[in-house]
Amino acid sequence: MDSLTQIVLGGAVAAAVAPASHRRAALLAGAALGTLPDLDSLVLWAASDNPVTLMTVHRSFSHSLFVLPLLGALIWTLFRHFGHGRVAQAPRRWFWAIQLALVTHPLLDAFTVYGTQLWWPLHPHPTMWSSVFIIDPLYTVWLAMACAIAWCVPARPLAQRALVAGLALSSAYLGWSLLAKHLVQREADRALAAMGLADAPRFSVPMPFNTLLWRVVAMTPNGYVIGERSLVADRGPMQFEGHPSQVQALAETAALPAVQRLNWFNRGFMRAQVVDSELVLSDLRMGLEPEYNFNFVVARQGAGGRWEEIAPRQLQAAYRAPVRRGQLRQALARMWTRIWQASPPAPAQ
């Protein structure tokens, strides 16, 4: 999730657990701890210039449920034994305030589609429940309001009630997102089975800033299909549109380390394109057709058509290009309209 959300989540959790007399300090400490795991980006940028490594190692060691409790215990021990402040005054409450502010960060990240390596150093696919977009105001607003109230009236019972309510409402929203995802996937499964794709790998993800409009992508032998589902407007079978991918080129380069790493990270949800004799892999989980946020050049076609390994190179995301920002605004406007209006029926064959 975005940094603001992690800040207010960490602050709200820590302030709800810490003593009322320590509430403002807990808000600040929780905010710092809530954003601490994402500082791995600074370490990675300093240690590597490989864009595939930067993407696939982010949210790993610093988001591990094996590492963060140990880090929390270390922070708690240092403040308890080498300081003479609030942690020493209420050690049990501060222990849990620190632990929860840290651990809730990767758990919330796991609700997004990017993927979070909760079990590092073990090596399963990154966890991606993908039920909320990376920025969702309807999740964040309750926590932000709770933190604001707790800061203004820290010692009053209203502060604790606001914090509990904010955490409950934001958690309920996550619960709704999982229910919405289930409803969408049920319709997608029916439609894909009717298309002969019952066993096709697939994922579903909400469109930006909401949980009412969803995108479902399923892989096919020649590429992938994409369908949209509005929980407000759509009725009847879900419709999918096919898109090609250079699956042969992807198969021929499957042994390259960068391709293997990306395939593990995104579970094979990639589009392959050959552009100027170079193989470009795009992560289908993040972005909107035909523009995706993460695009990597990983191989070059040499003499005789054989693929040769090259140093991976990341292409600029389309939304960062000034000429595309107007198109992005138009796409968001269309998305908002699409939430409330059903898609037109597919043309008769």
Side-chain angles (χ1 to χ4, degrees), residues 112-115 125-126 128-133 177 180-208 210-254 259 262-275 279-296 317-319 327 331-332 334-335 337-339 341-349:
T112 69
V113 76
Y114 187 95
H125 291 290
M128 52 167 235
W129 298 321
S130 64
S131 68
V132 291
F133 188 65
S177 74
K181 183 179 180 72
H182 168 74
L183 296 174
V184 170
Q185 289 190 157
R186 183 179 62 184
E187 295 301 323
D189 290 346
R190 291 172 180 170
L192 291 170
M195 297 167 60
L197 296 172
D199 297 325
R202 70 202 63 174
F203 70 91
S204 58
V205 63
M207 298 288 254
N210 77 99
T211 52
L212 297 177
L213 181 62
W214 292 69
R215 185 171 68 101
V216 178
V217 178
M219 306 307 293
T220 68
N222 298 315
Y224 53 98
V225 294
I226 299 178
E228 289 182 357
R229 188 73 176 181
S230 167
L231 293 173
V232 176
D234 288 348
R235 301 292 182 270
M238 193 170 175
Q239 300 174 27
F240 284 85
E241 181 179 355
H243 300 274
S245 177
Q246 295 284 351
V247 294
Q248 182 177 347
L250 182 59
E252 292 172 352
T253 57
V259 178
L262 288 171
N263 190 58
W264 164 79
F265 183 72
N266 59 37
R267 303 175 185 237
F269 294 119
M270 290 187 291
R271 177 185 67 187
Q273 293 178 304
V274 178
V275 181
L279 180 61
V280 181
L281 300 183
S282 302
D283 193 320
L284 293 172
R285 301 172 303 161
M286 288 163 279
L288 297 174
E289 187 69 28
E291 308 289 1
Y292 291 95
N293 297 343
F294 294 97
N295 309 281
F296 301 95
Y319 70 89
Q327 297 177 9
L332 292 175
R334 287 195 299 269
M335 181 199 72
T337 301
R338 178 66 180 85
I339 292 174
Q341 295 181 7
S343 60
Q349 299 294 324

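Values reported hereafter were calculated over all heavy atoms of this structure, with side chains retained and with hydrogens, waters and symmetry mates removed. Everything numeric in this text was worked out from a predicted model, so none of it was measured.
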To the nearest 0.5 Å, what is the distance between [atom1] on [X] and [atom2] on [Y]?
X: L284; Y: N293; atom1: CG; atom2: CG; answer: 11.5 Å
X: L281; Y: N266; atom1: CG; atom2: CG; answer: 8.5 Å
X: I226; Y: H243; atom1: CD1; atom2: NE2; answer: 4.0 Å
X: D234; Y: L212; atom1: CG; atom2: CG; answer: 11.5 Å
X: E291; Y: M286; atom1: CD; atom2: CE; answer: 15.5 Å
X: M270; Y: L262; atom1: CE; atom2: CG; answer: 6.0 Å

Taking the side chain as C-beta and beyond, is there a heavy-atom pair between [X] and [Y] under 4.5 Å?
X: R271; Y: N295; value: yes
X: L288; Y: M207; value: yes
X: V216; Y: Q185; value: no
X: L192; Y: V225; value: yes
X: R285; Y: V205; value: no
X: M335; Y: P208; value: yes
X: M238; Y: D189; value: no

Of the non-hydrogen atoms in [X] and [Y], which two are nearest, and what is the gap between them?
X: G268; Y: M219; answer: O-CE, 3.8 Å
X: A233; Y: Q341; answer: CB-C, 3.5 Å
X: L279; Y: A272; answer: CD1-CB, 4.0 Å
X: L213; Y: N210; answer: N-OD1, 2.7 Å

Residues forming a ring-ring contact (aromatic ring centres under 6.0 Å, His included) with [X], sequence neighbours excluded:
X: F294; value: none
X: F296; value: none
X: F269; value: F203

Apply side-chain hydrogen bond (donor to acceptor under 3.5 Å, both in side chains) to S131 and list each qualifying residue two or more places apart in sequence or on a separate chain.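 Residues passing side-chain hydrogen bond (donor to acceptor under 3.5 Å, both in side chains) with S131: S177.
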side-chain hydrogen bond (donor to acceptor under 3.5 Å, both in side chains) involving R190 - partner list, sequence neighbours excluded: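 R190 satisfies side-chain hydrogen bond (donor to acceptor under 3.5 Å, both in side chains) with E187 once adjacent residues are dropped.
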If we check ring-ring contact (aromatic ring centres under 6.0 Å, His included) with Y114, which of these qualifies: F133, W129, F265?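 Output: one option passes, namely F265.
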Using modelled atom types only, decide if a donor and an acceptor are shared between the side chain of S230 and the backbone of I339 within a distance under 3.5 Å.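 Checking the backbone N and O of I339 against the side chain of S230, a donor-acceptor pair under 3.5 Å is found.
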Hey, is the main chain of L197 close enough, under 3.5 Å, to the side chain of R202 for a donor-acceptor pair?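 Indeed, once roles are kept as given, a pair shorter than 3.5 Å links the two residues.
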Begin from the C-alpha positions of L183 and R186 and carry the test side chain to side chain contact (heavy atoms under 4.5 Å, CB included) through to its verdict. CA-CA 5 Å; L183 296 174; R186 183 179 62 184; 3.6 Å; yes
Any side chain to side chain donor-acceptor pair (under 3.5 Å) pairs touching residues 214-225, not counting sequence neighbours?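 Output for this query lists Y224-E289.
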